[in-house]
Each structure stands twice: as C-alpha cells, then as structure tokens.
Amino acid sequence: MSTLLRLEGIEVGYGDLTAVREVSLEVRTGEVVALIGGNGAGKTTTLRAITGLLPVRRGVIELDGQRLDGLSPSRIVARGLAHVPEGRQLFPTMTVRENLELGAAGREARARRHETLEWVFRLFPRLQERNRQLAGTLSGGEQQMCAIGRGLMARPRLLMLDEPSLGLAPVVLKTIFETLAEINRTGTTILVVEQNVARALALSHRGYVLENGRIALSGSRDELLASGHIKQAYLGL
Amino acid sequence: MDAALIGQGLLSGLLFGGVYSLMAVGLTLIFGVMRVVNFAHGDMMVWGMYLAWMLATRLGVDPYAGFVLCAGGLFVVGFVVQRTLVDRIVDAPHEMQILLMLGVALVLENAALVAFGPDPQRVRSALTASTLWLGPIFVDVGRLVTFGLAVLLTGALYLFLARTPLGRSVRAAADNPYGALVIGTDVRRVYAVAFGIGAACVGAAGALVSPILPFQPAGGLSLSVASFNIVIIGGMGSLLGAFVGGLLVSVAESMGAVFLAPSMKELVSFSLLIAILLFRPAGLFGKGSA
C-alpha cells in the first residue's frame, strides 16, 4: 500500500504555546487510521494543521508525495482532502442540499456532483428526506451525517473526521460508524480523531495515540487493544 | 387634506424607495458577510453619482444606461478597498473598523472635492423631463424607471445569492466563516466579491438617482447614515429587511413632507428608527439578538 498522507516531525502552536511537537504519522491508501488521545492532547490541532487552518512551524506534511504545508486551505482541499470538523460547522440558515453542494468545491467534484449526491443520499437516506430542511434545524446525528456528506461531496482521497461521535446517542453513533466503514470499503481513506477510543479502534486498521502534543504510542488495532497502557488510560479496563 | 396630495406623496415615496432599498441592500450585504459596517457607503454612492455625471457630460451616456458602468466601477473600488484595507480589520473590534471606514470615507469625499469642486451637480436625462398622469396624480417617468431598475437589480442580487455557486459561497461565508474555510472556500476572495457587490449596489443607486437629486462631495455622510438607518430598521444583515425598509422609510419621509413640512423628512425617518429600536430592537426582519 502506498503512503497517502505523511506527517514528518511537525510542530504547531498558538502564539507562545506549542500544542503539537515532533508529530510524525502516516496514512496509507485504503486505510482507516485513528488518532486518539485525551482532551487537549493536540488531535484537533494536528487536523487543523493538515488542512492549512493553522501554520506548521516545523516539519513536513505531504499528500501523495506533494507538500501541503504552507498552502491555503482552499488549495489543500482541492488536492483531495476533506475535513469534517469538530462541532460539524454546517451552514445553519442554508438547506441540507445547499450544504452538501457547497462541499463539491473542486472542478471535478463540481462536474460530478449529481452522481456524488446520489451516493451520499444512498449512504444517509435521512439526508434525502431532509433535503430541503435548513441545516440548523437538524438533530445532532443528522447534522453529523450532513457534515460527513458535505465532506464526501468533495470526492476526497482522504477524509478526515474530528470527533464524529461527539454528543451523539449510542444508536445514532452506531449507524454513523457503520456508514464510515462502508465509505472506507468503497475506496475512501479515512483519518479519524476520537476520544471514544473503543469506537475509533473498532473502525480502524491502525492507530496513533497523542499525549501532550507528542505521539506516545502507535500500532495496529490489535496491538493497541492489547496494550496495557491503552486499556488502563483509555478503555477503563 | 387632499386625497390626491396624499396619493401623490405615497407614490413619490414608493418610487424613490427603490433607491433607498438598493443602498441598504448593499450595506446589509457587506455587514451580513463580514460584520463590518461600511461607513464609506454614502461616499461610494457620491462617486457613483459623479461617474454617471462624467459619463453623461463627457461621453453623452444617459445615466439610465450608464448605471451599469457605474456599478462596475464601484465594484472594482469595493473589491480593492476590501483586499487592501478591510481585509486587515475583519476580525478587529468594531471601533477599529469604524475608524478605518470613516478614514476611507474622508479620503473619498476629499478626492471628490479635489476632482469636482464643492458645487452641487445634477445629471440631465431625457426621461426626467417627461411625466405621466394617473388621474390627478402625476408620475415622474425618471423616478419610475429608477424604481424599476432598482427593484430589478435587487432581484438580480437575490438570484445571484440563491442560485449561483459563488452566491452560495457568499451566503455560506456569512453563515459560518470557519465552516466555509474548512471546506476549502477561498473566504478572502468571497469577502472581496461581497464588498465589491455591496459597493456596486450604491454605484448603481448613485447613478440612478443622479438625474433626480442634486449631489455634491459633502453629501456622502448623510447617505451613509440614511443607509445605516434603513438597515437597522429592516434588521442587520437581512436583504429582505433592507429592501422593505428602504421602501418603508422613503414612504414615511414622503408622508412627513406632506403632513409636516418637506424639511421634516429626517425627523420622520429617525422617529421610525427610534420606534423600531424600542419595540423590535432586532429590526423588522432581524433574527434574535443583533
């Protein structure tokens, strides 16, 4: 499997504060990779740096061998990366349909948006029912579906999700994670950031554990699940 | 009071309201997208008037055709002002934004003063000379055309925002700038386009009103205040509110001129503002806290 996303020793911060340092990780084509860790470990910061929303002070970010660091978010998204942010960040006074279509940003994504929209509606039939409803009036789970759908509309090579489980009822969460597995099976590579470690690892092939802005541990799902540290600190076993 | 006089006042007010609406729509678009109040709005409008005047006097272009060029010219002005200046203070506190925009207003006003002198000007158009009679009420054809074009432009702006990809991006950036950035929208470009369109609205409004109202470089501030007043009455950031507010304020001013005195029109519009702030502080079409 070829490497799709590669982070090499990146350092990111806010003002005087360094939130993430010497983080290196790799996502191979076709994989689901989990980035797990506690509150404030630097997970969201890492994703924001990959999308170009925060400047990278040191290190290299590459997508398919091409440098991403230093590019604007619009350029980075055009290279085939979609970011489903924490808290959904939908457009509340626009319809579900408009939210989805706004995700089809690049030239190819726009040309094939009808086809992609059908796929998104197949994945999340609820969105088709809510087609003309304003996004701000959706339930939490529907908003998460809409945010993932909006990301998929870009026809990304890499889908990055930030805390997709946040604030969702267990039933809804199960549906969404099953759909994520299906999205991966049909060829989309996924990098998922989660505090819900059990859920995230169940979905993933491999994982990285961020602690205090550094990678503390990494390995395959089974290695991580077998690790005493993970059991104790994250799974409460 | 003569019914014909009241009817005349209502009609004149309504017809002039199209221009008010267009001014306010431009201001509310800029505010809705960037949360920046364009205090140079009226001065941009004065430049729209002078552009129409130059086109008419130098090239013989009637302002009812020249308004398109004036809108285009002001679009460029707005785009450049946003890119070079406003972009630096989009996230700054309101008082800093106000200082910058008042500075831009002063530069525009004094540049007009240097270029055109302090004397009032007026643009002549063949249309303003003719009138229609509806029974006892006369209709100034110039005002009628001004109104029609202003409504048409507002409708075109609405369609642009509702139907085109760029228009949708403008609305998305207004709704949630961070969300727009995350999905790869070039938010800086969208901001510049929105500011350009807002300025183009007053560019067109200025040209369309140039055959009706005499203008001079010092007139910008009162036009800015009038636009701001309408936007607050309609609800900050609401396009429909700005449109309806423009018609409402204009009719109210016209009625004030009929029932009180022509010089009392500001009294009426500001009374309306105070009433709105007392009873509906978010404006007629405003959403919740403003």
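Naming convention: chains lettered A, B, ... in sequence-line order (proteins, then strands); numbering from 1 in each chain.
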| field | Whether over 12 other heavy atoms sit under 6.0 Å from A:Arg6 CZ | value |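 Enclosed.
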| query | Between B:Ala172, B:Ala173, B:Pro165, which residue shows the highest count of heavy-atom pairs closer than 4.5 Å to chain A? | reply |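 Top count of heavy-atom pairs under 4.5 Å with chain A: B:Ala172.
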| Distance from A:Leu161 atom CG to A:Ile176 atom CD1, nearest 0.5 Å? |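 Taking CG in A:Leu161 and CD1 in A:Ile176, the distance rounds to 10.0 Å.
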| query | Salt bridge or not for A:Arg199 and A:Glu194, using N-O below 4.0 Å? | reply |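 The answer is no: the pair does not qualify as a salt bridge.
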| field | Passing option when A:Leu191 is tested against A:Leu4, A:Val27, A:Leu81 for side chain to side chain contact (heavy atoms under 4.5 Å, CB included) | value |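 That would be A:Val27.
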Can you tell which part of [X] gets under 4.5 Å to a heavy atom of chain B, answering side chain, backbone, both or neither?
X: A:Ala105; answer: side chain
X: A:Leu90; answer: backbone
X: A:Leu102; answer: both

Any idea which donor-acceptor pairs are under 3.5 Å between chain A and chain B?
{"from": "A:Arg48", "atom 1": "NE", "to": "B:Tyr178", "atom 2": "OH", "distance (Å)": "3.3"}
{"from": "A:Gln89", "atom 1": "O", "to": "B:Asn176", "atom 2": "ND2", "distance (Å)": "3.4"}
{"from": "A:Gln89", "atom 1": "OE1", "to": "B:Asn176", "atom 2": "ND2", "distance (Å)": "2.9"}
{"from": "A:Leu90", "atom 1": "O", "to": "B:Asn176", "atom 2": "ND2", "distance (Å)": "3.0"}
{"from": "A:Thr93", "atom 1": "N", "to": "B:Asp175", "atom 2": "OD2", "distance (Å)": "2.7"}
{"from": "A:Thr93", "atom 1": "OG1", "to": "B:Asp175", "atom 2": "OD1", "distance (Å)": "3.0"}
{"from": "A:Thr93", "atom 1": "OG1", "to": "B:Asp175", "atom 2": "OD2", "distance (Å)": "3.0"}
{"from": "A:Glu98", "atom 1": "OE1", "to": "B:Arg171", "atom 2": "NH2", "distance (Å)": "3.0"}
{"from": "A:Glu98", "atom 1": "OE2", "to": "B:Arg171", "atom 2": "NH1", "distance (Å)": "3.0"}
{"from": "A:Glu98", "atom 1": "OE2", "to": "B:Arg171", "atom 2": "NH2", "distance (Å)": "3.2"}
{"from": "A:Glu101", "atom 1": "OE1", "to": "B:Arg168", "atom 2": "NH1", "distance (Å)": "2.8"}

| query | Can you tell me if A:Asn184 uses its side chain to pair, donor with acceptor, with the backbone of A:Gly30 under 3.5 Å? | reply |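 Present.
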| query | Are any side-chain N or O atoms of A:Lys43 and backbone N or O atoms of A:Gly37, one a donor and one an acceptor, separated by less than 3.5 Å? | reply |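 It does hold such a pair.
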| task | Could you tell me which portion of B:Ala174 (side chain, backbone, both or neither) has an atom closer than 4.5 angstrom to a non-hydrogen atom of chain A? | result |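 When you check distances to chain A, no heavy atom of B:Ala174 falls under 4.5 Å.
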| request: Apply side chain to side chain contact (heavy atoms under 4.5 Å, CB included) to B:Leu69 and B:Leu51, showing your working. | output: CA-CA 8 Å; B:Leu69 294 171; B:Leu51 275 181; over 6 Å; no
| said: Could you tell me if A:Thr189 and A:Thr29 have a donor-acceptor pair between their side chains, going purely by distance under 3.5 Å? | reply: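 Distance-only check fails for A:Thr29 and A:Thr189.
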